[in-house]
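Report on the following structure.
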There are 2 protein chains.
Amino acid sequence: MQVTSKEQGALVVADVLEIIGGKWRGLILAKLCDGPKRFNELKLDLKKVTSSTLTKELRHLEELKMIERAVIQESPIIVEYRMTTHGSSIKQLIYQIIEWGLEHRKKVIGEK
Amino acid sequence: MQVTSKEQGALVVADVLEIIGGKWRGLILAKLCDGPKRFNELKLDLKKVTSSTLTKELRHLEELKMIERAVIQESPIIVEYRMTTHGSSIKQLIYQIIEWGLEHRKKVIGEK
DNA sequence: CAGGATCCATATGGATACTG
DNA sequence: CAGTATCCATATGGATCCTG
């Protein structure tokens, strides 16, 4: 199997990196794989992210139709973020990433 | 399966993004999946990357033990970059990324 | 051919403070 | 609780020119 045979492979990779790349987007998706989360839950989980950054990243993922924002209750407002049906399809990919990452840790990072 | 159950999943995802993230690294790896490439081959394939940027990215991947640099001939020097044994293990992951990316294109990008 | 050197543009994310 | 607004730091990658 040739990855880039159609001269498209690399472009497709770039597409996907647009989604899971960056400092937080992949992490947010990983968290949401386990179920819906509220804004502040995410904020606590992703230690050290600021409100403004988190908001930006969530908006980005929304635009890509990966996640959706649902207002659960008003005043005090409660918002829940969850994967869209389409977004859920990335779960398997995230599992693969984690799996490979664990192997990589053993082989490379462990050697340091 | 809970992705982030051990509070490690997200961290692992971050590790992997360190490798395939960024504007070029994933693309370079994708190209090298198909076999060794010379510096200028990569430069031509990855249209619009400059020498200095390509060099930086290659060095980065070398440090991570994903690829290796081999001098094939001197004067005029010819250099070949190829996946290390360890680096090759990421091929499957790249296939997954491309596969998912193609689906994503159909569903989201196609709708634009 | 395969870079190194230098300087520079922009994108990304962060700090801090404030709000419905 | 879940943001917004404003301003700012840094990382990333790029332009251009040079070299063994």
Side-chain angles (χ1 to χ4, degrees), chain A residues 10-11 13-32 35-64 66-83, chain B residues 10-11 13-32 35-64 66-83:
Chain A
L11 293 174
V13 171
D15 278 357
V16 178
L17 287 176
E18 260 263 326
I19 299 171
I20 60 173
K23 190 165 174 181
W24 300 110
R25 295 200 276 278
L27 307 187
I28 293 171
L29 288 173
K31 289 291 176 188
L32 291 182
K37 295 255 182 189
R38 284 162 36 190
F39 185 87
N40 275 353
E41 279 185 283
L42 285 171
K43 193 156 144 48
L44 288 174
D45 282 349
L46 277 52
K47 305 184 200 309
K48 310 213 171 171
V49 72
T50 61
S51 300
S52 53
T53 298
L54 183 55
T55 301
K56 283 178 202 167
E57 302 299 313
L58 289 169
R59 294 287 174 276
H60 184 104
L61 289 171
E62 267 188 278
E63 275 173 37
L64 292 166
M66 295 298 298
I67 65 173
E68 57 193 11
R69 177 180 184 275
V71 177
I72 303 296
Q73 174 196 303
E74 312 248 12
S75 194
I77 191 170
I78 292 181
V79 174
E80 203 172 78
Y81 288 92
R82 56 170 94 105
M83 313 278 286
Chain B
L11 293 174
V13 170
D15 278 355
V16 179
L17 288 176
E18 261 264 327
I19 298 171
I20 60 174
K23 190 166 175 182
W24 301 110
R25 295 200 276 278
L27 306 187
I28 293 171
L29 288 173
K31 289 290 176 186
L32 291 181
K37 295 256 183 187
R38 288 172 23 200
F39 186 86
N40 275 352
E41 279 185 283
L42 284 172
K43 192 158 144 50
L44 287 174
D45 282 350
L46 278 54
K47 304 184 201 312
K48 309 212 174 171
V49 72
T50 62
S51 299
S52 55
T53 297
L54 182 54
T55 301
K56 282 179 205 167
E57 301 299 313
L58 288 170
R59 295 287 173 275
H60 184 103
L61 288 170
E62 268 188 277
E63 275 173 36
L64 292 166
M66 295 299 296
I67 66 174
E68 57 194 10
R69 178 181 184 274
V71 176
I72 302 296
Q73 173 196 306
E74 311 247 12
S75 195
I77 190 170
I78 292 180
V79 174
E80 203 172 79
Y81 288 92
R82 57 170 94 103
M83 313 278 288

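Quantities reported herein were computed from a predicted structural model and do not represent experimental measurements. So that the names make sense, note that chain A is the first sequence line, chain B the second, and so on, each numbered from 1.
Between the A/Q73 side chain and the A/P76 main chain, a donor and an acceptor come within less than 3.5 Å of each other. A/T55 places a side-chain N or O within donor-acceptor distance of the main-chain N or O of A/S51, the cut-off being under 3.5 Å.
A salt bridge links A/R82 with A/E68: the distance from a Lys NZ or Arg NE/NH1/NH2 to an Asp or Glu carboxylate oxygen falls below 4.0 Å. Under the 4.0 Å criterion applied to side-chain N and carboxylate O atoms, B/E57 and B/R25 are assigned as salt-bridge partners.
Distance CZ (B/R38) to P (C/dA2): 5 Å, rounded to an integer number of Å. Distance B/I72 CD1 to C/dA2 P: 10 Å, rounded to the nearest Å. With rounding to whole Å, B/L46 atom CG is found 16 Å from C/dA2 atom C1'. Look at CG on A/L44: it is 10 Å from P on D/dA2, rounded to the nearest Å. Between B/N40 atom CG and C/dA2 atom C1' the separation is 7 Å, expressed in whole Å. Distance, A/E41 CD to D/dG3 P: 13 Å, rounded to whole Å. Going from atom CD of A/E74 over to atom C1' of D/dC1 covers 12 Å, rounded to whole Å. The CG atom of B/L42 sits 9 Å away from the P atom of C/dA2 (whole-angstrom rounding).
Contact annotation: B/R69 does not reach the phosphate of C/dA2 (side-chain N/O to OP1 or OP2, under 4.0 Å). Residue A/Y81 places at least one side-chain N or O closer than 4.0 Å to OP1 or OP2 of D/dG3. Not one side-chain nitrogen or oxygen of A/R59 sits closer than 4.0 Å to the OP1 or OP2 atom of D/dA2.
The side chain to side chain contact (heavy atoms under 4.5 Å, CB included) search around B/E18 returns B/H60, not counting sequence neighbours.
Distance from the side chain of A/V79 is smallest to D/dG3 among D/dG3, C/dA2, D/dC1.
Contact record, A/I19 with A/L64: CG1-CD1, 3.8 Å, taken as the closest heavy-atom pair.
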### Message
For nucleotides 5-20 of chain D, give me one character per nucleotide, 5' to 3': B if any protein heavy atom sits under 4.0 Å from the base, S if the only such contacts are to the sugar-phosphate, - if neither.
### Response
B-------BBBB---B
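Distance check: A/L42 CG to A/K31 NZ gives 8.5 Å after rounding to the nearest 0.5 Å.
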